[in-house]
Amino acid sequence: MAVYLADYDDCLELLINSDPAEYERRRSNFDTRLEQLRKGDKNSPWYRLCIAGVYLHKAIINVRFGEQYKAALNFRHSCSLLKENAAQFPGFEYNYIFSGLQQAVVGSLPPGYKWLASVFGMKGDVRQGTAALASFVNTHNESHPLYAETVLYYLYARFYLLSEQQEVWNFVNTTQFDATHNLLNTFVKANIALDYHKADEAIATLRAASAAVHYNLYPVFHYQMGVALLTRGDTACAGYFMQYLQTSKSPFYIKDTWQKMAFSWYICNDMAKANYCLSRLKASGTATIDADKQAARFAEKNTWPLRPLLKARLLIDGGYSGTALATLARITPAELTHPADKAEYYFRLGRANEDLAISPGQTQHYKIALGYYRQAMDIGKGRPEQFAARAALHMGKIFELLHLDDEAIKKYNECLDLPPHDFQNSIDQQAKAGINRVEGR
């Protein structure tokens with residue numbers, strides 16, 4: 001167990017800080033630990049479980065550094081070992097941790113990655129996989145091995161694959177989830193807060209944890225703070241983005257960070273600083289992840305978005321949908337001459353109304369949102385921007401929430417059938433997870 005637990009140091013360091021030089025220094029550690037673990041007791045149910053866990057760690061890091069083929073092989077090794085362990089020790093409930101996670105992940109693979117499922121030799125199911133994680137979490141506690149790890153898998157599966165955002169948000173705000181003294185929990189809570197349009201809560205979480213001894217060893221916290229401040233138009237975000245750029249050794253989110261800084265100055269009408277950030281965007285970083293790819297395409301166009309649309313987008317991202325609607329109300333569709341601007345305009349109107357529908361007694365906003373999403377789809381189909389695909393995705397989510405299953409599956413499939421567009425990997429995965437959820441009811 002000491003060997004297995006030591007593997008977390010490499011996995012989490014490489015996953016969160018993503019330093020290529022550090023990866024080169026540490027990558028052999030995985031194989032060294034596998035050799036050590038193979039000297040263990042083969043008659044113990046922990047033998048194959050720990051080896052499977054290290055293979056899973058390797059796969060996660062392979063994905064992080066763009067080694068997809070190696071990731072598939074290591075993921076398959078992990079799956080095979082867990083199957084063997086389940087056959088030899090069927091009552092060993094710790095098998096459910098990794099097998100549940102793997103089943104949920106495979107169940108959310110978009111059509112373009114279906115071949116991976118056959119390589120893994122398993123059929124994925126988001127609901128069944130998450131249920132396996134839930135079974136472990138609900139019957140164990142902090143005193144049991146691997147409990148903290150399983151809770152994080154469970155939260156991410158529920159939030160991103162089952163769309164149970166409010167339930168997850170409620171959990172990360174309980175006293176049992178310490179996001180002030182546990183920096184991994186800080187990262188998770190801030191990440192969920194940003195993705196759940198709760199910028200104020202993300203800022204509060206990060207500030208509460210900032211006094212922790214090792215807080216500054218993780219530049220991602222500066223990035224998260226910058227994103228949260230950007231959504232409410234606070235130019236203090238630029239200072240945090242600069243801290244990320246100066247301290248991070250990762251090749252990821254560099255172009256994205258320069259783009260976000262450019263936007264912060266642009267919405268304040270400081271074009272000198274905005275154009276400087278745009279020039280740095282073009283010259284810096286790589287374009288291997290979705291966020292950086294989108295930033296690179298923005299730089300190639302060399303045109304700025306309409307300020308009211310950009311402000312509305314940022315406000316919605318931060319959870320300020322009422323203010324966003326007031327901003328959008330100052331735009332008349334007739335003045336939007338470019339199809340991409342029109343598609344974004346209707347998508348943002350739909351997104352703001354969808355957020356407002358969550359409030360008690362405001363469900364009429366779902367109908368309004370659906371109307372705007374239809375317009376966004378009609379205008380954005382066939383274009384490289386993300387708005388038609390995201391509109392279809394969110395229509396599917398609304399229909400799913402309203403238990404209109406046939407309509408939900410139809411929209412999720414329309415989302416998957418659209419031609420290439422921005423953020424395709426993440427959008428397709430969400431659509432595939434949606435289909436899996438609905439069909440599994």
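All of these numbers come straight from a predicted model, not from anything done at the bench. Note that these values count all heavy atoms, side chains included, but never hydrogens, waters or copies made by symmetry.
Listed by first and then second residue, the salt bridge (Lys or Arg N to Asp or Glu O under 4.0 Å) pairs involving residues 46-56 are Arg48-Glu84 (not counting sequence neighbours). Sorted by first and then second residue, the salt bridge (Lys or Arg N to Asp or Glu O under 4.0 Å) pairs involving residues 169-196 (not counting sequence neighbours) form an empty list.
Between Asn170 and Thr174, the shortest heavy-atom distance links the atoms O-CG2, 3.3 Å. Looking at every heavy atom in both residues, Leu56 comes nearest to Tyr153 through CD2-OH, 4.1 Å. For Ile254 against Ser284, the heavy-atom pair with the smallest separation is CG2-CB, 3.9 Å. Contact record, Met1 with Trp46: SD-CE3, 4.0 Å, taken as the closest heavy-atom pair. Nearest heavy atom pair, residue Ala6 against residue Arg33, reads O-NH2, 3.6 Å. Shown here for Val438 and Ala408, the closest heavy-atom pair between the two residues is CG2-CB, 4.3 Å.
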For Tyr345 and Phe387, run ring-ring contact (aromatic ring centres under 6.0 Å, His included): C-alpha distance rounded to whole Å, both residues' side-chain angles, the deciding distance at 0.1 Å, then the answer.
-> CA-CA 9 Å; Tyr345 169 73; Phe387 306 117; over 10 Å; no
Are Trp304 and Phe298 close enough, and set up right, to give a ring-ring contact (aromatic ring centres under 6.0 Å, His included), and what steps lead you there?
-> CA-CA 8 Å; Trp304 293 95; Phe298 164 75; 5.7 Å; yes
Would Asp200 and Tyr320 satisfy side-chain hydrogen bond (donor to acceptor under 3.5 Å, both in side chains), going step by step from the backbone distance to the final call?
-> CA-CA 10 Å; Asp200 289 342; Tyr320 315 111; 2.7 Å; yes
Could you check Lys260 against Cys237 for side-chain contact (heavy atoms from CB on, under 4.5 Å), going step by step and ending with a plain yes or no?
-> CA-CA 9 Å; Lys260 284 179 166 56; Cys237 68; over 6 Å; no
Arg25 vs Asp19, salt bridge (Lys or Arg N to Asp or Glu O under 4.0 Å): CA-CA, chis, key distance, verdict | CA-CA 10 Å; Arg25 191 178 72 82; Asp19 178 357; over 6 Å; no
Going through the checks in order, is the salt bridge (Lys or Arg N to Asp or Glu O under 4.0 Å) test met by Arg348 and Glu344?
-> CA-CA 6 Å; Arg348 301 300 175 197; Glu344 179 176 5; 3.2 Å; yes
Take Arg297 and Glu300 through the test salt bridge (Lys or Arg N to Asp or Glu O under 4.0 Å) and record every step on the way to the result.
-> CA-CA 5 Å; Arg297 283 192 287 269; Glu300 288 172 4; over 6 Å; no
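The NZ atom of Lys311 lies 14.0 Å from the OG1 atom of Thr231; values are rounded to the nearest 0.5 Å. Interatomic distance, OH of Tyr55 versus OG of Ser78, reported as 9.5 Å (0.5 Å rounding).
Salt bridge Lys397/Glu400: absent, no basic N to carboxylate O contact under 4.0 Å. A salt bridge does not link Glu35 to Arg38: none of the charged nitrogens lies less than 4.0 Å from a carboxylate oxygen.
Under the 3.5 Å distance criterion, with hydrogens and angles disregarded, no donor-acceptor pair is assigned to the side chains of Thr139 and Glu93. With hydrogens and angles left out, the side-chain atoms of Gln294 and Lys255 include no donor and acceptor closer than 3.5 Å. Looking only at atom types and distance, the side chain of Asp422 has no donor-acceptor partner in the side chain of Gln386 under 3.5 Å away. Between the side chains of Glu67 and Tyr23, a donor-acceptor pair is found at a separation under 3.5 Å. Inspection of the His394 and Glu354 side chains reveals an N or O donor paired with an N or O acceptor under 3.5 Å.
Taking 4.5 Å as the limit, some side-chain heavy atom of Leu401 sits within range of a side-chain heavy atom of Tyr366. Using a 4.5 Å heavy-atom threshold, the side chains of Gln424 and Lys293 count as separate. Within the 4.5 Å cutoff, no side-chain heavy atoms of Lys249 are placed close to those of Glu22. Looking only at side-chain heavy atoms (C-beta outward), Leu49 and Leu146 come within less than 4.5 Å of each other. Considering only heavy atoms from C-beta on, Pro384 stays 4.5 Å or farther from Pro420 through its side chain. Residues Arg383 and His421 are not in side-chain contact: their nearest non-hydrogen atoms beyond the backbone lie 4.5 Å or more apart. Here the side chains of Phe92 and Asn95 are in contact, with some heavy-atom distance below 4.5 Å.
Using a distance-only test at 3.5 Å, with no hydrogens or angles considered, a donor-acceptor pair links the side chain of Asn74 to the main chain of Lys70. Although no hydrogens or angles enter the test, the distance criterion places no donor-acceptor pair under 3.5 Å between the side chain of Ser108 and the main chain of Ala433. Although no hydrogens or angles enter the test, the distance criterion places no donor-acceptor pair under 3.5 Å between the side chain of Asn182 and the main chain of Ala179. A side-chain donor-acceptor contact under 3.5 Å links Asn85 to the backbone of Pro45. Here the side chain of His140 pairs a donor or acceptor atom with the backbone of Phe136 at under 3.5 angstrom. Judged by distance alone, the side chain of Ser264 and the main-chain N or O of Met261 form a donor-acceptor pair under 3.5 Å. The backbone N or O of Arg207 lies less than 3.5 Å from a partner atom in the side chain of Ser210, making a donor-acceptor pair. A donor-acceptor pair is defined here as one N or O able to donate and one able to accept, closer than 3.5 Å; such a pair exists between the side chain of Thr32 and the backbone of Ser28. His77 contributes no side-chain N or O that, together with a main-chain N or O of Ala52, makes up a donor-acceptor pair within less than 3.5 Å. Although no hydrogens or angles enter the test, the distance criterion places a donor-acceptor pair under 3.5 Å between the side chain of Ser279 and the main chain of Tyr276.
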Check: residues 213-229 side-chain donor-acceptor pairs under 3.5 Å, at least two apart:
residue : atom : partner : partner atom : Å
Tyr223  : OH   : Asp256  : OD2          : 2.4
Gln224  : NE2  : Phe187  : O            : 3.4

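Between Tyr372 and Tyr346, the angle of the ring planes stays under 30°, which puts this pair in the parallel group of the 30/60° scheme. Aromatic ring pairs are classed by plane angle as parallel below 30°, tilted from 30° to 60° and perpendicular above 60°; the pair Phe347 and Tyr373 is tilted.
Atom CG of Asp406 has 12 or fewer neighbouring heavy atoms from other residues, nucleotides or ligands inside a 6.0 Å radius. Within 6.0 Å of atom NZ in Lys282, more than 12 heavy atoms from other residues, nucleotides or ligands are found, so the atom counts as buried in its surroundings.
Judged as a side-chain hydrogen bond (donor to acceptor under 3.5 Å, both in side chains), and not counting sequence neighbours, the contacts of Ser18 are Arg64. Take Tyr196 and apply the side chain to side chain contact (heavy atoms under 4.5 Å, CB included) test, not counting sequence neighbours, and it matches Phe159, Gln165, Gln166, Trp169, Lys198. Residues that satisfy the side-chain hydrogen bond (donor to acceptor under 3.5 Å, both in side chains) test with Tyr156, not counting sequence neighbours, are Asn191.
A cation-pi contact links Arg390 to Phe423, judged by a cut-off of 6.0 Å to the six-membered ring centre and 45° from its axis.
In summary, of the residues considered (Arg26, His57, Lys58, Arg27), a side chain to side chain donor-acceptor pair (under 3.5 Å) with Asp10 occurs for Arg26 alone.
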